[in-house]
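Numbering starts at 1 and runs along the sequence shown. Only a predicted model underlies this, so the values are computations on that prediction, with no experimental measurement involved.
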Amino acid sequence: MVSEVSAGALDRLVADLGDMTVISDHKVVRRRSRDFFWYSPILNDLLNDKSADLIVVPRDERDVLRLAAACARHRVPLTVRAGGTGNYGQAVPLQGGVLLDIMALSAIEWTRPGTIRVGAGAKLNAIDADLQPTGWELRMHPSTKRSATIGGFVAGGSGGIGSVTYGGLREPGNIQAARVVTVEETPRIIELRGEAAQKINRAYGTTGIITALEMPLAPAWRWIDVVVCFDDFLDAVAVGYEAALADGITKKLLSPVSWPLPSYFGALRPCVAEGQSILIAMIAEPSLESFKSLLGRRGTITLETPTDDSPGQVPLYEYSWNHTTLQVLKSDRTVTYLQCLYPHDALMEKVAEMRALFPDEVLQHLEFIRFGGRVTCSGLPVVRYRGAERLNEIIRMHEERGVFIANPHVYTVEDGSRYKRVDADQLGFKREADPHNLLNPGKMRSFVAAGP
């Protein structure tokens, strides 16, 4: 990659940073400029040669302010990077410049019953470990919980484990506040509270540098990992749907997965007979009896164990959400995936229709989730990749039949949305927080900077 930033601008910027840590080793910078975009062969072609020029590691918010001012002064692009666990190139710099490693901003500022305020660089697993003695935990997390950060999740994610109960991050109340640094010659600190905090959700770091977040918490249950086997995938979906609708059953995860996907699941493989589909579930221990009663004789429980995501263990949630695709990619790099949203009022009908339409080409994997109080499924099927033209045809065939697609094979905020546009509040806030379009430029294609 040939950087779009002049060596002189970079030298002047580094001189302004004083004793802040700057990493310029090409191999290190290139490695940390990547995420899991290679899930998509299309994105792999587009992003494989992209890299920052430098990594800057601020120690605290004061360093962030100093870096933001220097980038604005010298017109150097700035991309915020945390755990690097995204799938769409969210944190891959398209135009070089600075990669801001936010990981040192990880302190918990305070906790109160039901709420935590924490630095954007805090790892999700560490947050829950610190919260455990209080009886609280984060409401939701991605399947990359053990390496992802809270800032990366909010800036690049949408939902995950816990969304079957609490919905996605865009649901009112799931982000309570965000502290944001602007990229201007004299940077400002802006506190976004309530609905205003959505201005930085899933914006890929284009609308400000998140330094701290205030997040709601949920009661911390003793969660039980459960695998239920079925001869018919649609039976797994039906049971998962009933459990998702059962408000009296406390659950965190309900994931129907069709055969042959479980055959790629490593340590789970002994739990699944040839040809069987499974329902992956996390059930609060006091609700386990009720869950079994709902299941009846329709499926067979082959695994029942407390959730353990300590070092050396593989929790069940690492076979769900985007980890399902990763488990397959470990041994078969010829596949990719899609992200679907099924209509809540025709869920079972549409799941059956898509399964019949693509019996061997689109391997079904669903995640129960709430949107606006209604239970539906996000689909993350594994797709046998036969070229971009066929993949786009599959996307079109889904959308023609009322199954929405959030395309994971594009890297802009707009094109990855099922609405195919950026939120108006996000676009307006970017004009305020990033007037020179230096924050992760190219990821919000609707934005046009006001001037030089």
Side-chain angles (χ1 to χ4, degrees), residues 1 3-5 9 13 33 35 37 43 46-47 50-53 64-65 67-82 86-100 102 120 151-152 154-158 169-170 175 178-192 195-211 406-452:
M1 171 186 172
S3 175
E4 298 186 21
V5 184
L13 178 136
S33 295
D35 63 11
F37 62 78
L43 288 183
L46 293 172
L47 300 178
K50 305 300 183 186
S51 175
D53 296 293
V64 173
L65 287 162
L67 173 60
C71 285
R73 189 180 307 118
H74 301 294
R75 299 297 194 266
V76 173
L78 173 64
T79 301
V80 182
R81 195 261 195 196
N87 296 93
Y88 328 114
Q90 294 104 310
V92 177
L94 299 179
Q95 299 177 17
V98 170
L99 196 70
L100 190 167
I102 205 76
V154 167
S158 58
L169 286 167
R170 283 207 177 274
I175 305 172
R179 186 174 172 92
V180 178
V181 170
T182 66
V183 179
E184 305 171 275
E185 287 81 354
T186 304
R188 293 167 293 142
I189 296 173
I190 300 176
E191 182 87 4
L192 300 171
E195 184 62 22
Q198 291 295 335
K199 294 174 181 178
I200 49 83
N201 176 217
R202 205 175 185 276
Y204 302 176
T206 61
T207 57
I209 303 170
I210 306 168
T211 58
N407 192 345
H409 303 281
V410 293
Y411 58 71
T412 65
V413 176
E414 296 94 331
D415 297 316
S417 164
R418 62 188 175 97
Y419 302 111
K420 307 300 184 282
R421 57 177 170 78
V422 70
D423 186 276
D425 285 347
Q426 290 184 330
L427 188 59
F429 185 64
K430 182 172 176 64
R431 298 190 188 284
E432 179 182 353
D434 183 27
H436 307 301
N437 194 22
L438 296 173
L439 279 169
N440 210 356
K443 301 294 176 62
M444 188 180 284
R445 60 172 171 75
S446 305
F447 182 78
V448 178

Under 3.5 Å, side chain of Thr207 to main-chain N/O of Phe429, donor-acceptor pair present?
no
Does Ser33 use its side chain to pair, donor to acceptor, with the backbone of Ala52 at less than 3.5 Å?
yes
Main-chain N/O of Arg188 paired to Thr182 side chain as donor or acceptor, under 3.5 Å:
yes
Can you confirm whether His436 sits close enough to Val183 that some side-chain heavy atom of one is under 4.5 Å from a side-chain heavy atom of the other?
no
Checking the side chain of Arg75 only, and the main-chain atoms of Ala72 only, is there a donor and an acceptor separated by less than 3.5 Å?
yes
Measure from the side-chain N and O atoms of Glu414 to the backbone N and O of Ser446, and report whether any donor-acceptor pair falls under 3.5 Å.
yes
Can you measure from CG (Asp425) to CG (Asn201) and round to the nearest 0.5 angstrom?
12.5 Å
Here the gap from Asn407 atom CG to Tyr88 atom OH, rounded to the nearest 0.5 Å, amounts to 10.0 Å
Is it true that a side-chain atom of Lys443 and a backbone atom of Ala203 form a donor plus acceptor pair closer than 3.5 Å?
no
Starting at OG1 of Thr79, measure out to CG of Asn440 and round the result to the nearest 0.5 Å.
4.0 Å
Side chain to side chain contact (heavy atoms under 4.5 Å, CB included) between Asp53 and Val76, worked out:
CA-CA 10 Å; Asp53 296 293; Val76 173; over 6 Å; no
Could you pull out the closest heavy-atom pair between Ala68 and Pro187, with the gap in Å?
CB-CG, 3.9 Å
Side chains of Asp415 and Arg445: closer than 4.5 Å at any heavy-atom pair?
yes
Could you tell me the separation between the CD atom of Gln95 and the CG atom of Asn437, rounded to the nearest 0.5 Å?
7.5 Å
Applying side chain to side chain contact (heavy atoms under 4.5 Å, CB included), run through Leu65 and Ile189 and close with a yes or a no.
CA-CA 9 Å; Leu65 287 162; Ile189 296 173; 4.0 Å; yes
Before giving the answer on side chain to side chain contact (heavy atoms under 4.5 Å, CB included), spell out for Thr206 and Phe447 the whole-Å C-alpha distance, their side-chain angles and the decisive distance to 0.1 Å.
CA-CA 10 Å; Thr206 61; Phe447 182 78; over 6 Å; no
Phe37 vs Val92 side-chain heavy atoms within contact, under 4.5 Å:
yes
Verify, without hydrogens or angle tests, whether Asp35 (side chain) and Gly89 (backbone) share a donor-acceptor contact under 3.5 angstrom.
yes
When you measure from the side chain of Gln90 to the backbone of Ala155, do you find a donor-acceptor pair of N or O atoms at a distance under 3.5 Å?
no
Apply side chain to side chain contact (heavy atoms under 4.5 Å, CB included) to residues Lys430 and Leu439 and explain how you reach the verdict.
CA-CA 9 Å; Lys430 182 172 176 64; Leu439 279 169; 4.2 Å; yes
For the residue pair Leu169 and Val154, what are the closest heavy atoms and their distance?
CD1-CA, 4.0 Å
Just by modelled atom types, is the Gln198 backbone N or O under 3.5 Å from a matching donor or acceptor in the Gln426 side chain?
yes
Rounded to the nearest 0.5 Å, what's the gap from CD1 on Ile209 to CD1 on Ile190? Could you check?
11.5 Å
Between SG on residue Cys71 and CG on residue Leu438, distance to nearest 0.5 Å:
7.0 Å
